[in-house]
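Chain naming here is simple, since letters A, B, ... match the order of the sequence lines and numbering starts at 1 in each.
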Amino acid sequence: MVARLVKRVSAAALALSLPLGAHAAGFDWQKYKGQTLDVLVDNNPIGQVIANNVAAFEKLTGINVKVDIFTEQQMRQRLVTVLDSNSSQVDVFMTLPSREGQQFSGAGWYTDLAPMTKDASPDYDFAGLSPALLKAATFDGKLTSIPMNIEGPVLYYRTDIFKKCNLTVPASLSGMLDTAKALKKCNAATTPFVSRGLRDALAYTYSVFFHNMGGHYIENGKSGLCSPAGLSALSLYGDLQKHYGPLGVVNYSFYQISSLYRDGRAAMAFESSNELSDVMQGGARLNDTGIALLPPGPGGSHPTAIAWGLAMSPYSTHKGAAWYLIQWATSPAIQAKDEIAGIAAPRPAIAQDPQVKAWLAAAPVRQVWQNAVNQLANTGTSNVGYPITDNPESRQYIGEAVDKVIVGSDKPDAACAPADQSLNALIAKDKK
Amino acid sequence: MNKRILHILVVAQLVVVALGILFPIVWMVMSSLKSSADVTAYPPSFLFKPTLENYTHLLETTPFFAYARNSLIESGASTILGLALGIPAAYAASVTRSSWPALVTLSARMAPGTLFLVPWYVVFKALGLVGTYAALILTQAAITLPIVIWVLLPAFDAIPRSILEAALVDGCGVLRSLWRVALPLVSSGLVIATILGFVFSWNYFLFALVLSDEGTKPLVVAAFNYIGEGSTDWGGLMAAATLIALPPLVLAIAVQRWLVAGLTLGAVKG
Amino acid sequence: MASVRLQGLRKRFGTHDVIPSLDLEINDHEFMVFVGPSGCGKSTLLRIIAGLEPITEGDLFIGDRRVNDLTPAQRDIAMVFQDYALYPHMTVYQNMAFGLEMRHAAKADIETRVLAAARMLEIEPLLKRRPRDLSGGQRQRVAMGRAVVRDPQVFLFDEPLSNLDAQLRGQVRGEIKALSQRLQTTMVFVTHDQVEAMTMADRIVVLRGGVIQQVGTPEQIYSTPANRFVAGFIGSPSMNFLPVTLEAGGARLEDGTLLPVLTTRRGPAVLGIRPEHFEPAGEGGLAAQILLVEPLGADTLVHFNVGAVRCIARVAPDTRPQMGETLRLGVAPGKAFLFDPESGVRLG
Amino acid sequence: MSLSASSRQRGAIALLSLPAVFFTALMVVFPVGYTIWLSFRSAPLGHATQFAGLANYAQLFHSGSFWNSIEVSLALYLLSLALQLIAGTYLALLLFHARRMPAILRSILISPFMVPPVVVGMMFLVILDPSLGAANWILSLFGLPPSAWLASPQWVIPTIALIDTWQWTPFVALIVLGGLQSLPPSVYEAAKIDGAPAHLVFWRITLPLLLPTLMTAAILRSVDLLRFFDIIYVTTQGGPLDASDTLNVLGFHIGFELFQFGYASALAVTLTAMVFGVVLSLNRLRKAVAW
């Protein structure tokens with residue numbers, strides 16, 4: 001929700017915290033004064049930080065900004081309608097390169113930001129952004145967006161329950177099932193394990209299981225969803241959710257998972273690192289939560305690390321001003337704000353920011369979280385679903401196979417076969 | 001069976017049905033008045049200390065009234081537009097007994113709403129109207145117009161032809177016979193058409209999803225933001241739901257007598 | 001006040017000719033009644049005059065104006081509808097004033113005229129009421145009042161008495177007649193009831209299938225009907241029709257009875273006898289076997305068969321034949337009608 | 001008989017419907033035409049569309065998800081319609097026999113279909129929550145096992161049908177009540193004199209005479225039910241898996257999540273044709289049962 005009150009207060013705070021701003025040597029923040037920008041953001045913590053702080057940007061630059069905030073699905077529907085009609089209605093938008101990057105890039109819906117990065121305020125520190133994430137946002141040699149965060153699924157777990165049941169986070173992926181079983185036996189009141197079950201959302205969490213199990217989405221030009229490793233991942237994820245997950249888990253996405261865990265009704269939750277603030281809301285989990293990566297499997301440890309990016313519409317008629325907004329929103333100063341809101345910054349240096357340091361120190365779980373995110377940043381890949389243009393559609397087929405196992409309508413091999421077929425067709429189409 | 005016993009049986013069944021109909025709405029209002037601890041209590045608590053904190057929080061953190069004002073402007077204006085177009089059309093269709101114009105307008109209801117989104121966006125973009133009240137009022141009128149015609153056509157049909165003829169003999173032109181004679185005779189139909197048009201326009205979200213922007217976003221579209229958050233905050237979600245549903249409910253209940261009479265009467269002919 | 005003239009008038013609904021071709025002149029000040037069975041086109045004709053139905057072909061004049069293309073409002077006519085068509089949402093006063101208001105009459109003038117009409121029709125106490133609070137008779141008066149106020153060139157009545165009960169109908173019939181004499185306006189009155197036609201009309205138009213059968217005074221229509229249809233339609237109970245063969249001595253019935261009828265024609269014909277023109281005959285005449293006796297007080301109706309044809313005779317009230325009895329009946333001299341069996345035209 | 005004095009006046013009356021027809025032509029005919037046009041083209045994101053012949057339709061008819069959606073749509077349609085007609089008739093009979101309808105009852109009756117579908121979705125998301133919702137608690141009071149409701153592939157369609165039935169049964173009931181009130185009382189008196197017992201009167205007299213009204217209600221509901229969208233969009237988005245993926249939801253998914261506009265258009269055109277077909281045949285059926 002757009003917190004208007006909060007917005008005013010924090011705007012004032014931010015204006016003070018940007019001492020370099022207007023009078024930074026040689027950089028004219030007021031260059032595009034009087035122009036108006038339309039910005040489309042997702043209703044998640046990252047989008048909210050922009051909405052809450054945009055007044056400071058307006059003050060700094062004299063640019064008027066209209067922020068439209070929608071839930072992810074509606075944001076994307078709106079965006080595609082706008083872009084598909086070559087409309088200049090939106091100047092700047094949030095995007096997930098791992099999901100739609102290839103698709104939108106193929107459609108010509110991104111402005112190449114690489115040349116613009118030279119026109120940056122001295123304190124922007126473009127080089128400080130994670131090279132891996134910048135690379136993940138580069139398609140056909142064009143930098144399509146600037147990363148706003150880094151996130152990936154991590155295992156939130158209840159240290160108190162684990163202690164009570166004499167358990168530790170398993171050392172290997174196969175140990176997950178035993179741990180869940182033990183949790184169920186020892187502490188029946190809480191759900192042992194929860195992760196995403198919603199068809200179109202679960203590729204994000206499932207992909208880590210799949211890769212750790214040793215799977216590769218594309219092997220020799222063919223879909224590897226049903227490889228032996230794939231089937232093992234399918235069985236494990238399906239069994240965990242089916243036997244140790246909450247009733248109705250097939251409708252679960254991050255909202256439900258966070259609230260279940262936050263309310264103390266789940267012992268383990270495998271969900272995005274970005275959900276820290278939601279999980280910690282109210283403070284009940286502040287002192288009994290541990291955060292770890294998913295244990296490595298036969299294939300090793302391949303955590304997913306992706307980023308939301310801020311992109312510019314090629315139809316924007318205010319590209320200069322739009323770039324100002326993008327560099328402001330991805331600047332170290334704003335990303336420090338993000339960090340304090342529980343959004344891990346795509347800049348390793350942020351951890352050294354004094355305010356961030358203070359925040360991390362204030363609760364032990366925050367440092368644990370930061371460590372997990374650092375691991376993600378170092379070892380993570382962005383393979384959520386198939387690395388093809390029709391990535392969103394590929395996620396649907398993965399979701400179908402997994403959900404069939406969770407609801408028990410099919411055995412893993414039977415559930416997987418039709419998905420593999422559809423995926424092979426998609427891969428073939430992509431090669432053309 | 002004894003008539004009295006029969007009557008009691010009927011009334012008893014009605015009470016049960018009425019409670020069944022009422023339950024979800026009552027549950028929503030009740031949940032909206034619960035504190036965050038009470039709302040997720042299981043088994044659900046019936047005795048709780050009611051609190052307005054969900055409402056105050058909602059109104060403090062979101063521009064709820066701005067969305068409500070948008071809804072009001074868009075539903076109100078599209079209802080007026082629907083009436084302005086629908087009244088003469090229904091009258092003409094009734095008088096000339098040619099139903100094709102009415103059928104044309106009703107046909108809009110047979111296509112899925114999603115079909116309209118992209119073409120409309122293209123058109124309104126070309127006109128520079130995306131995100132304006134005008135675009136929303138025009139598109140929502142595509143909902144109100146068929147409702148107005150659907151309600152008024154049977155109402156006009158129920159006026160004896162001779163009364164309209166008498167008006168002609170008395171010297172009324174077409175417009176005046178509509179304004180002075182026919183319209184006063186369908187006044188209750190007019191109330192129903194207005195209320196239903198307003199309510200269904202208020203309730204419809206799909207067009208505004210694409211065609212509105214932050215400044216013109218109606219409540220039902222804003223509601224989606226609450227749904228996401230709502231799975232973590234039932235009390236807030238139900239408070240938002242209650243407030244969104246309140247205007248159409250209050251309006252409809254204010255004219256329930258006419259509404260029920262109109263539905264029972266009009267539908268038989270339609 | 002004006003005459004109404006219809007020239008070569010044709011009305012077609014879809015492919016169906018309701019009125020094939022019709023010429024008629026209604027004189028100034030005249031009380032003209034259109035009568036005929038339902039579906040004969042009389043109401044359509046009235047609505048054409050009113051301007052509620054467009055004319056397919058031909059011309060319509062009110063006074064000297066050709067009014068084909070004028071709206072009802074422009075024709076300066078008033079109409080009383082079968083269901084009265086009062087505006088339910090207006091008071092009696094407003095109902096009566098509405099037509100004047102539409103013609104932008106001055107407010108004071110409207111009031112004077114409404115009050116005058118109300119006084120004439122004795123509905124002054126009702127002026128503030130709404131139609132739903134009135135009885136059938138009262139509504140009928142208001143409907144007339146609404147027409148009267150306008151002081152139109154032509155009054156049109158579309159079966160205005162059919163919704164009243166029998167007693168009231170007789171009373172209102174008289175009042176309308178009196179009104180017409182007082183106002184001296186041209187009136188066109190449509191009814192399917194031949195009693196109304198006979199009692200009120202200056203002239204009657206008998207219609208059948210959109211074709212005028214006869215135009216004439218009630219007297220003419222009754223005493224010299226143009227054809228078998230008119231003869232059968234006017235008069236109650238209806239005229240009896242018997243197939244006969246004309247011979248030198250008169251008309252011979254199928255059973256061989258010879259009735260004395262003066263004619264020079266020979267061959268098959270239809271003999272028409274009104275019930276009131278049967279009279280008891282000593283010998284000769286036809287043998288009527290009584291099927292049913294209906295004493296009406298003033299006279300008595302006797303039903304009987306002649307061959308396969310059922311007949312009715314009106315006889316003196318003191319005649320009380322018994323069922324099954326055979327009565328000898330003759331025809332009053334000079335009262336029998338003869339019709340062509342094919343065309344139905346009356347034979348002179 | 002039509003009311004028109006001269007051709008001029010008739011023209012004037014016809015003119016009255018012109019604004020509405022014109023408005024509809026602008027607002028409806030263009031989008032429908034555009035969608036039909038698009039359904040014969042491929043529309044890759046960000047590039048000009050190309051003529052594709054019947055490819056989109058061929059893809060549609062060879063697609064498993066399309067046939068699944070047909071099944072889902074029809075199941076939801078038939079189940080909801082049956083539930084609403086039966087429950088609506090039952091409620092109408094109760095109202096008819098109660099004679100008097102107090103204002104409070106009237107208010108309760110109109111409430112459900114006045115509530116925005118978005119709110120209905122929100123309401124039932126909370127009530128039907130598998131672990132904390134009131135619905136499972138009520139089941140537990142009767143000793144029944146909890147259900148996953150909207151999260152169960154088997155139960156999601158019946159659950160959505162129940163939600164829609166909650167919302168629209170009173171509407172159907174009011175229409176049927178109108179039909180009941182318009183039945184000639186003399187028919188009942190005749191049946192009573194004929195000595196027909198109450199249940200026979202219902203099956204042999206009331207129901208046949210009520211058929212045209214029921215058909216009217218069926219047509220009104222069919223138009224909405226065949227295009228079922230709102231509540232699913234708010235609650236399940238077509239899930240779990242594709243168990244509640246109606247044609248309209250699938251079309252939206254293909255268009256606005258997979259961004260295949262040509263393909264989505266073919267689906268929209270097919271769905272529109274289906275709705276037209278069903279409404280036309282129901283209308284014919286209604287004329288056949290009219291008395």
Side-chain angles (χ1 to χ4, degrees), chain B residues 10-11 13-14 17-18 21-22 24-25 27-28 31 40 42-44 85-86 88-89 91-93 95-97 101 104-105 108-112 114-116 119-120 142 145 161 164-165 174 199 203 205 220 223 227 234 237 241 244-245 248-249 252-253 256 259-260 263-265 267-268 270, chain D residues 2-3 5 9 12-14 16-17 19-21 23-24 27-28 30-32 34-35 91 94 97-98 103 105-108 110-112 114-119 122-123 126-127 132 134 137 170 174-175 177-179 181-182 213 216 223 227 234 248 251-252 255 261 268 271-272 275-276 279:
Chain B
V10 166
V11 171
Q13 288 180 71
L14 267 179
V17 173
I21 292 172
L22 216 48
I25 298 177
W27 197 257
M28 166 177 76
S31 305
T40 50
Y42 191 88
L85 296 170
Y91 182 63
V95 165
T96 60
R97 293 274 187 257
V104 166
T105 53
R109 277 185 57 76
M110 309 231 177
T114 45
L115 181 151
F116 297 96
W120 273 352
L145 176 60
R161 301 292 97 171
L164 302 179
E165 293 174 344
V174 169
V199 167
N203 291 356
F205 64 87
V220 280
I227 293 176
W234 280 8
L237 178 71
I244 294 169
L249 274 179
I253 286 171
Q256 34 90 6
L259 214 50
V260 167
L263 283 170
T264 46
L265 256 180
V268 179
Chain D
S2 77
L3 163 79
Q9 206 142 14
I13 293 173
L16 288 181
S17 56
V21 170
F23 174 83
T24 308
M27 300 296 291
V28 176
F30 168 73
V32 171
Y34 179 89
T35 306
L91 181 53
L94 284 182
H97 286 294
L105 184 56
R106 267 199 300 261
S107 300
I108 291 174
I110 52 174
S111 298
M114 293 295 145
V115 177
V118 177
V119 170
M122 291 158 119
M123 239 158 53
V126 167
I127 290 174
L132 294 178
W137 172 71
L174 289 177
I175 289 176
L177 178 64
Q181 286 168 348
S182 73
T213 314
T216 302
V223 172
R227 304 176 307 152
V234 176
N248 207 354
F252 190 83
F261 288 123
L271 173 56
T272 310
V275 178
F276 260 107
V279 168

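For D:F261, the ring pair (Phe, Tyr, Trp, His ring centres under 6.0 Å) partners at least two apart in sequence or on another chain are D:F256. In this structure, D:F23 has no ring pair (Phe, Tyr, Trp, His ring centres under 6.0 Å) partners at least two apart in sequence or on a different chain.
Atom CG of residue B:L249 and atom OG of residue D:S111 lie 5.0 Å apart, to the nearest 0.5 angstrom. Interatomic distance, CD1 of D:I108 versus CD1 of B:I21, reported as 7.5 Å (0.5 Å rounding). Annotation: the span from D:M114 atom CE to B:L259 atom CG amounts to 4.5 Å, rounded to 0.5 Å.
Proximity to chain D (any heavy atom under 4.5 Å) is restricted, for B:L145, to the side chain, taken from C-beta onward. Only the side chain of D:L105 comes within contact range of chain B, with at least one heavy atom under 4.5 Å from a heavy atom of that chain. Using a 4.5 Å cut-off between heavy atoms, B:V10 contacts chain D through both its backbone and its side chain. D:V115 touches chain B through backbone and side chain together, each having a heavy atom under 4.5 Å away. Contact annotation for B:V11: neither backbone nor side-chain heavy atoms come within less than 4.5 Å of a heavy atom of chain D. Proximity to chain D is limited to the side chain of B:F205, based on heavy atoms less than 4.5 angstrom apart. The contact between D:I110 and chain B is made entirely by side chain atoms (from C-beta outward), counting heavy-atom distances below 4.5 Å.
Residue with the most contacts toward chain B among D:I127, D:L271, D:L177: D:I127 (heavy-atom pairs, distance under 4.5 Å). Most heavy-atom pairs under 4.5 Å with chain D: of the set B:V17, B:L115, B:I25, B:I244, this distinction falls to B:L115. With respect to chain B, the highest number of heavy-atom pairs below 4.5 Å among D:V32, D:V234, D:N248 belongs to D:N248. Put simply, of D:P19, D:P112, D:A134, the one with the most heavy-atom pairs under 4.5 Å next to chain B is D:A134. Interface remark: of the candidates B:A18, B:G86, B:A111, B:A142, B:A111 forms the most heavy-atom pairs closer than 4.5 Å to chain D. Contact tally against chain B (heavy-atom pairs below 4.5 Å) for D:V279, D:L132, D:V118: the top residue is D:L132.
Scanning both residues, B:N203 and D:P116, for their nearest heavy atoms gives OD1-CG, 3.0 Å. Closest approach of B:P112 to D:T272, counting heavy atoms only: CD-OG1, 3.2 Å. Of all non-hydrogen atoms in D:A98 and B:L14, the two that sit nearest each other are CB-CD1, 3.6 Å. Of all the heavy atoms in D:L16 and B:P88, the pair that sits closest is O-CB, 3.4 Å. Scanning both residues, B:I253 and D:S107, for their nearest heavy atoms gives CG2-OG, 3.5 Å. Taking both residues in full, the closest heavy atoms of B:Q256 and D:R106 are given as OE1-NE, 2.6 Å, listed atom of the first, atom of the second, then distance.
At least one side-chain heavy atom of D:V28 sits under 4.5 Å from a side-chain heavy atom of B:F116.
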